[in-house]
Amino acid sequence: MSANNGQLNPPQAQAVAHQDGPLLVLAGAGSGKTRVITQRIARLVDEGLDPRRILAVTFTNKAAREMRERAERLIARRIAGLWIGTFHSICARLLRRYGDAVGLSPSYVIYDDGDQRTLMRQVMRQEAISERLFAPRDVLSHIDRAKNAGTSAEQYQAHDYFSDIVARLYPAYQRQLQRCDAADFGDLLLKTVQLLRADEALRQHLSSSFEQVLVDEFQDTNPVQYELIRLLSSTHNNICVVGDDDQSIYRWRGAQIENILGFERDHPGAQVIKLEQNYRSSQVVLDAAHAVISRNAQRKAKQLWTDQQGGEPITLCVAPDERTEARFVASRIHQLVAQAGHTFDDVAIFYRTHAQSRAIEEALRAASPPIPYAVYGGMRFYDRAEIKDLLCYLKLLINPADDVALQRVINVPARGIGKTTVEKLIGHASAHGISLLDAARAAATSDGPLGGAARRKVGDFVKLIDALAEGVSETLPSTLAERVLDDSGYLQSLAQSGTVEATTRAENLSELVSSIRQFEAATEEATLVSYLEQVSLATDVTDQTNEQGQVSLMTVHSAKGLEFPTVFVIGLEQGIFPHARSLDAPEELEEERRLAYVAITRTKRRLFLSRAMQRWHLGQLKARPPSEFLSDIPEQLIGERAGLHAAPARRNAPARLPAFAGAHLDQPEPTYDDAWVDDEFDQSAPDFDDLFDADGFRVGMRVKHRKFGVGEIRSLTGTAPNLNLTVYFKTVGAKTIRSQFVEPL
DNA sequence: AGAGCTCACTTTTTT
DNA sequence: AGTGAGCTCT
């Protein structure tokens, strides 16, 4: 980590030197955990162990990459053949090679959330189960929970009304996945474990080939991951796990804090090493972190210490609303850069949920000069519609059984194949137990369920796919991507529509093509299959690009493992952080507390905590009391209490208030002692009254939106003050926006 | 068949 | 406040 003077301290050295047998390293935040793992890998390789016999597992791609790079730097050469990656990527790789026994071909595809939902909806329709009564989302989350617990469809036991339905859908869903030659995220883990459970010889083979196994962030492993590790290390039993129970933040994904608490019990003779010296943070930061975490009941007692005494006191900001909070952050960043010699990449801003990033982004852009930033996670590049379209074409080329991909692209760009036709194909496919593509092929060539026009169109589509699929394995992925875009008419249809949005989409597509080229350049065996796998397992593109000179924005979850000289934690309010869904569940609240601990302990020197007295959330303005975590932090650690006023209404600011006949913002004023009163409230803001007739409807009026410019109102829904306007903008087409965010013209 | 419009629902957090 | 599914109108 940061300042360890190149030397390992005694417990670190002991952990690096540990030879054989199970080892548990309890590594507090900032205690040099990554250092220990990388030094250990380097030592093993240096002493002549074949890197192919080392398996190192992490939770994120970023962590895996960093670990590899640091280990390579230590021994000053490339480490070829080392098994290092996330649980999911390692499983994906094993299944690629050995998945036959669990029903996966070598070119199987990985389904993401959206794909899963499409498939589940289809299954529910087949099983005649109402999607209204049973949300596909919820059903999938039950299935995922089962998979994380190691429960297969056959083993799944219903225990109540809802799980009764799940018990019916789980096996049907798995059958459908198998027909599509696809695995979802949960399958990657569970199927690998099933494979190893069932195939004694394979387990022997793999576990004896992995002489040393290392697991990072062990506190976040769930039961399948735990079993996977156990199976893969069963021959040599050289298993080194590193973790910190205080940083266990993935309970919702099935992580069992017990795995780390019970490691000694499950591995008799395990050596336990505690790393408690912190090299990252000032004493002030550690004290604050400790004050928050020590209120948790379920934890191993430990106390981090540092020899950096004192430190910068914490700044606490109380803002009237989230926009002001964001302006506070932006102005402090400028101050730090101007006065404290900071660069932008010294600064990170953490929030509890992605939705909170918007206000911050806007403030950073509005700052003068604008502050460069990078958002981690959130809306992935790969989630954009046009990107998914192209990827689905590619998936379909290597995996003709991928019905989900086919459904996505069969009418994109529009080629006159409508819902009815697709439904007929689905019926035909499930009746004959064949893939949709085969059903389409059959329908086009023989007397199938389709009539003349539809049959011809479907035939053309099949011809298109067949032509594209020819020679797939000998063609560069980037070439294939370009061919898809041209031959399918995708680019042409974008060009034809001519909107600004279409231009953006075309740009995104060409960005994707160049990222495929990059992949080809950087990868030895750059096949389409390996590219698609990488994309499915990548969190986002910022994963790959490491741009300098940017402030980092991310959720607390994705902040784990990172450190920054200056940290802002925003939105410290009851219901935001801790999250509303944790408030009435003590165990969940403990997890939120650990999350707060993770956030604080990322800080090296300067910590800013902020909250807003009221904020827009899910379309509503609501006042929330301060986070209970704030009151845990001892008074003497806080240097400055910044209170802020809202910006006076700017000329181009949205009209502040409702204004439809008699509508009032009937939100309660915050009633806290330090409540701030908005005396600069702009009484003269223009009204919407004149836009609508007596019924509050109609009038072909125009409004102005900050981003989209001038547009024409099409319709109006909702109740004051939360009105939704559907406005047609020349630039981006129809958008539904809230009345507060437009200005009448 | 397709475009447009309305409504409902959403939100933790990630692989 | 954005998205997506379903309905209606063309």
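Here the structure is a predicted model, which is why all the values come from computation and not from measurement.
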Can you check ring pair (Phe, Tyr, Trp, His ring centres under 6.0 Å) on A:Phe568 and A:Phe350, steps first, answer last?
-> CA-CA 6 Å; A:Phe568 291 83; A:Phe350 302 151; 9.8 Å; no
Start with the C-alpha gap between A:Glu590 and A:Arg251, add the side-chain angles, then the distance that decides, and say whether salt bridge (charged side-chain N to carboxylate O under 4.0 Å, His left out) holds.
-> CA-CA 10 Å; A:Glu590 291 220 341; A:Arg251 211 178 94 90; over 6 Å; no
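Distance CG (A:Leu140) to P (B:dT11): 13 Å, rounded to an integer number of Å. Between A:Gln219 atom CD and B:dT13 atom P the separation is 20 Å, expressed in whole Å. As rounded to whole Å, 12 Å separates atom P of B:dT11 from atom NE2 of A:His354. At whole-Å resolution of the value, CZ in A:Arg581 and C1' in B:dT11 are 8 Å apart. Rounded to an integer number of Å, the gap from CD of A:Gln356 to P of B:dT11 is 15 Å. Atom CZ of A:Arg358 and atom P of B:dT11 are 15 Å apart (whole Å). Taking atom OH of A:Tyr351 as the reference point, atom P of B:dT13 lies 10 Å away to the nearest angstrom. Regarding A:His579, its NE2 atom lies at a distance of 13 Å from the P atom of B:dT10, rounded to whole Å.
Close to B:dT15, at under 4.0 Å from its OP1 or OP2, lies no side-chain N or O of A:Ser536. Using a 4.0 Å cut-off, no side-chain N or O of A:His617 falls inside it from OP1 or OP2 of B:dT10. Contact annotation: A:Ser558 side-chain N/O to B:dT13 OP1/OP2 distance is not under 4.0 Å.
For A:His557, counting side-chain heavy atoms from C-beta on, the closest listed nucleotide (B:dT13, B:dT11, C:dG6) is B:dT13. Looking at the side chain of A:Thr86, the nearest of the listed nucleotides C:dG6, B:dG2, B:dT15 is B:dT15. In the set B:dT15, B:dT11, B:dT14, B:dT15 carries the atom at the smallest distance from any side-chain atom of A:His88. Of the candidate nucleotides B:dA1, B:dT11, B:dT15, B:dT15 has the atom lying nearest to any side-chain atom of A:Thr60.
Heavy atoms of A:Thr421 sit under 4.0 angstrom from primed sugar atoms or phosphate atoms, though from no base atom. If you check every strand for non-hydrogen atoms under 4.0 Å, A:Arg137 touches sugar and phosphate atoms only. In this structure, A:Phe87 reaches neither bases nor backbone, as no heavy-atom distance under 4.0 Å exists between it and the strands shown. Counting any heavy atom pair closer than 4.0 Å across all strands shown, A:Arg117 reaches no nucleic acid atom. Using a 4.0 Å heavy-atom criterion, one finds that A:Asn411 contacts the sugar-phosphate atoms exclusively.
Shown are A:Val598, A:Thr353, A:Ile249; of these, the side-chain contact (heavy atoms from CB on, under 4.5 Å) with A:Val556 is made only by A:Val598. Applying side-chain contact (heavy atoms from CB on, under 4.5 Å) to A:Lys457 and the options A:Thr421, A:Asn411, A:Ile417 leaves one that passes, A:Ile417.
Between A:Ile260 and A:Ser248, the closest side-chain pair of non-hydrogen atoms is not below 4.5 Å.
The residue among A:Thr353 and A:Thr420 whose nearest nucleotide of DNA chain B lies closer to the 5′ end is A:Thr420. Where A:Lys457 and A:Phe185 each meet DNA chain B at their nearest nucleotide, the meeting point lying more 5' is that of A:Lys457.
Spacing of P atoms, C:dG4 relative to B:dT13, comes out at 16 Å, to the nearest Å.
Residue side chain A:Phe59 fails the stacking definition with respect to B:dT15, as its ring centre and the base's six-membered ring centre are not both under 5.5 angstrom apart and under 30 degrees in plane angle.
A:Glu573 and A:Ser627 form no side-chain donor-acceptor contact under 3.5 Å, judged by distance and modelled atom types alone.
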